[in-house]
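Some notes on the structure that comes next.
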Amino acid sequence: MGVIVNALNIVKRFGSIIALDNVSIQIFESEILGLLGENGSGKSTFAKILYGVYTPDKGVIEINGRRVFLSSPSDAKKLGIVMISQRPQLIDELTAVENIAMFLNISIDAVYRKALAISKDLGIGIDLRKPVYMLSYTEKQFVELIKSIMARPKLLIVDETTTYLPKDVREKFYRALKTINLSGAGVVFITHKIPEAIEVCDRIAVLRNGKLVGIFNKGDVDVDMLRKAMFGERSLYIEKREVRQVVGDKPMLILDNITIFNEYKLKAVDNLSLNVYRGEIVSIVGIAGNGQKELCEGIAGFIPLARGRIIFNGIDISRKSVYERISMGIRYIPEDPFRDSVATDLTLYENIRMFLSGKISYDDVIRYVKELGIYPLDPKIKAYKLSGGNIQKTSLIRLYQNGIKLIIAHNPTRMLDEASSAMVLKKFRELSSHGISILLVTEDIEEALSISDRIAVISRGRIRAIHSSSDIDLDTIEREMTEYA
Ligand SMILES: Nc1ncnc2c1ncn2[C@@H]1O[C@H](COP(=O)(O)OP(=O)(O)OP(=O)(O)O)[C@@H](O)[C@H]1O
């Protein structure tokens with residue numbers, strides 16, 4: 001098998017942080033190379049160097065045996081390197097076909113026939129002539145996948161794209177990656193999920209604190225070995241999650257037949273009713289784009305209800321402002337910390353101070369940074385310099401505010417590694433045992449099963465089923481999620 005990419009002794013520093021410390025990785029033709037590592041270990045930095053977003057401070061990149069200098073993604077694209085980011089890079093107002101045509105610089109008619117054939121081949125039923133804003137997150141990622149296949153890449157980088165897709169959709173995605181492999185291309189597959197890495201990848205490279213710990217062949221490793229490689233001795237402390245059974249009998253939140261329209265005036269939440277009791281953890285699971293974001297924003301007060309009522313702690317808050325809802329004890333953790341919940345131009349210290357009332361000393365901030373496991377342990381660092389997972393942990397400072405009665409958390413662990421996710425779920429459990437109610441809106445069914453008292457399945461803005469988490473299993477929930485989609 002030929003070598004597509006030879007990354008030799010790559011060093012990348014950001015000020016005093018060494019994001020990549022002498023990392024050498026080869027990527028072969030027709031292989032899927034996994035990239036695993038805890039938050040802040042250097043995965044995205046490595047991917048961005050291959051995609052021309054960052055240039056290395058030291059080291060050499062060779063593509064097909066020739067030394068290259070990638071100074072932008074268009075340099076990378078010319079060499080056949082394509083990346084699917086965690087957030088779809090599509091223009092919402094254009095159709096899927098127009099987006100693909102623009103990326104490939106070819107005519108719309110030529111794109112349509114080919115794209116349709118590829119989507120049929122993969123068993124993906126997407127209307128490629130719809131504007132992208134009408135597609136769900138999953139459908140958008142499939143458009144990215146079709147776009148990547150049509151670009152005939154030599155190297156495809158997939159950055160945590162599949163984390164929350166339901167099993168059957170994920171399998172279609174994996175099949176597509178194997179198809180890309182068949183043409184001789186290599187794939188770099190970044191994921192936080194160790195079992196997924198074992199399932200999909202031929203080899204798995206593990207990074208820790210910017211250093212390459214090792215590259216393992218699929219057949220030679222198991223979950224425990226990879227966990228140890230990722231976290232070192234800390235792997236021993238990753239808690240087993242367990243289901244709690246303490247729930248109050250007083251509804252903290254009553255959603256009474258609420259309907260909410262999205263920014264495109266489409267009905268996103270459709271006549272939805274649900275109660276969350278005092279101290280209860282209720283999860284809402286569903287495929288992304290089924291009204292979850294609008295539901296969260298509607299409860300937090302960012303967007304108005306078209307119909308229905310929200311009763312919080314006995315009071316109708318349907319017309320109350322965001323500020324009034326916060327004062328009453330509602331906290332919202334949005335799913336996109338970059339856009340909605342962390343001021344990236346401010347320092348970590350300033351972000352933490354902003355969300356915690358009263359006098360907060362520098363030492364207090366250090367304590368929170370430690371408790372949240374934010375890396376690097378430097379309150380003076382500007383937030384934009386943090387890795388995705390560490391930015392997400394910063395947004396979770398809201399969990400430490402006073403006076404909380406209800407938390408609405410939307411995919412709060414999406415970017416977190418296993419140890420950090422366990423820390424957040426432990427915090428949720430602790431808060432609920434103090435009577436705080438939690439509405440966890442997540443696409444991670446295992447997470448929902450591990451922590452919730454009840455699980456509701458959402459599809460097309462409606463609750464399709466509600467289960468006690470002790471009476472339900474993953475397969476049934478996945479079936480229900482896709483049945484109505
Ligand atoms: N633009 C930047 N400026 C300063 N520091 C940065 C920048 N980008 C990344 N870093 C730092 O480099 C280190 C590695 O970050 P990177 O984003 O590669 O981690 P990661 O493994 O992808 O993490 P995650 O799983 O959280 O996405 C982190 O300490 C991060 O704070």
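Every number for a ligand or one of its atoms is a count from 1 in the order of the listing.
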Inset, instruction - Determine, stepwise, if the pair E38 / S41 fulfils side chain to side chain donor-acceptor pair (under 3.5 Å). - result: CA-CA 6 Å; E38 64 179 319; S41 57; over 6 Å; no

Inset, instruction - Show the numbers, then the answer: is there a side chain to side chain donor-acceptor pair (under 3.5 Å) between E31 and N181? - result: CA-CA 6 Å; E31 80 160 344; N181 265 177; over 6 Å; no

Inset, instruction - Would you check, one step at a time, whether the test side chain to side chain donor-acceptor pair (under 3.5 Å) holds for E447 with S421? - result: CA-CA 9 Å; E447 174 174 287; S421 301; 5.1 Å; no

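Considering backbone and side-chain atoms alike, G42 places an N or O below 3.5 Å from some N or O of ligand 1. Remark: ligand 1 and N39 share an N or O pair separated by less than 3.5 Å (distance only, no angle test). In terms of polar-atom proximity, defined here as any N/O pair under 3.5 Å, S387 does make such a contact with ligand 1.
In terms of protein heavy-atom proximity, atom 14 (C) of ligand 1 is closest to G40 O, 3.5 Å. G388 N, 3.7 Å is the protein heavy atom nearest to atom 27 (O) of ligand 1. Given atom 31 (O) of ligand 1, the protein heavy atom at minimum distance is K385 O, 2.6 Å. Counting only heavy atoms of the protein, atom 12 (O) of ligand 1 lies nearest to A19 CB, 3.3 Å. Scanning the protein for heavy atoms near atom 18 (O) of ligand 1, the closest one is T45 OG1, 2.5 Å. Atom 9 (C) of ligand 1 has its closest protein heavy atom at F14 CE1, 3.5 Å.
Counting the atoms of ligand 1 from 1 in the order shown, those under 4.0 Å from a heavy atom of Y375 are 29 (O). Which parts of ligand 1 touch G389 is read off a 4.0 Å heavy-atom cut-off, strictly below it: atoms 24 (P), 26 (O), 27 (O). Listed by number with element, the atoms of ligand 1 under 4.0 angstrom from any heavy atom of E38 are 21 (O). Heavy-atom proximity to S41, at under 4.0 Å, picks out these atoms of ligand 1: 19 (O), 20 (P), 21 (O).
Sorted by first and then second residue, the side-chain hydrogen bond (donor to acceptor under 3.5 Å, both in side chains) pairs involving residues 376-394 (not counting sequence neighbours) are S387-N390, N390-K393, K393-S420.
Aromatic ring centres of F14 and Y54 lie closer together than 6.0 Å.
The proximity of I17 to ligand 1, defined as any non-hydrogen pair under 4.0 Å, is limited to the side chain.
Qualifying side chain to side chain donor-acceptor pair (under 3.5 Å) partners for S361, counting only residues two or more places apart in sequence or in other chains: D364.
A heavy-atom separation below 4.0 Å is found between Y54 and ligand 1. Assignment of G37 to the shell around ligand 1 is not supported, since no heavy atom sits closer than 4.0 Å. Heavy-atom distances between H192 and ligand 1 reach below 4.0 Å in at least one pair.
A donor-acceptor pair under 3.5 Å is absent between the side-chain atoms of N6 and the main chain of I61, judged by distance alone.
Between V53 and P73, the shortest heavy-atom contact is CG2-CG, 4.1 Å.
At a threshold of 4.0 Å, the pair D220-R203 does not count as salt-bridged, since none of the basic side-chain nitrogens sits closer than that to a carboxylate oxygen.
Of the listed options K43, K48, K12, R13, K43 places a heavy atom closest to atom 21 (O) of ligand 1.
Between the side chains of E196 and T191, a donor-acceptor pair is found at a separation under 3.5 Å. Judged by distance alone, the side chains of E418 and H192 never bring a donor and an acceptor atom under 3.5 Å apart.
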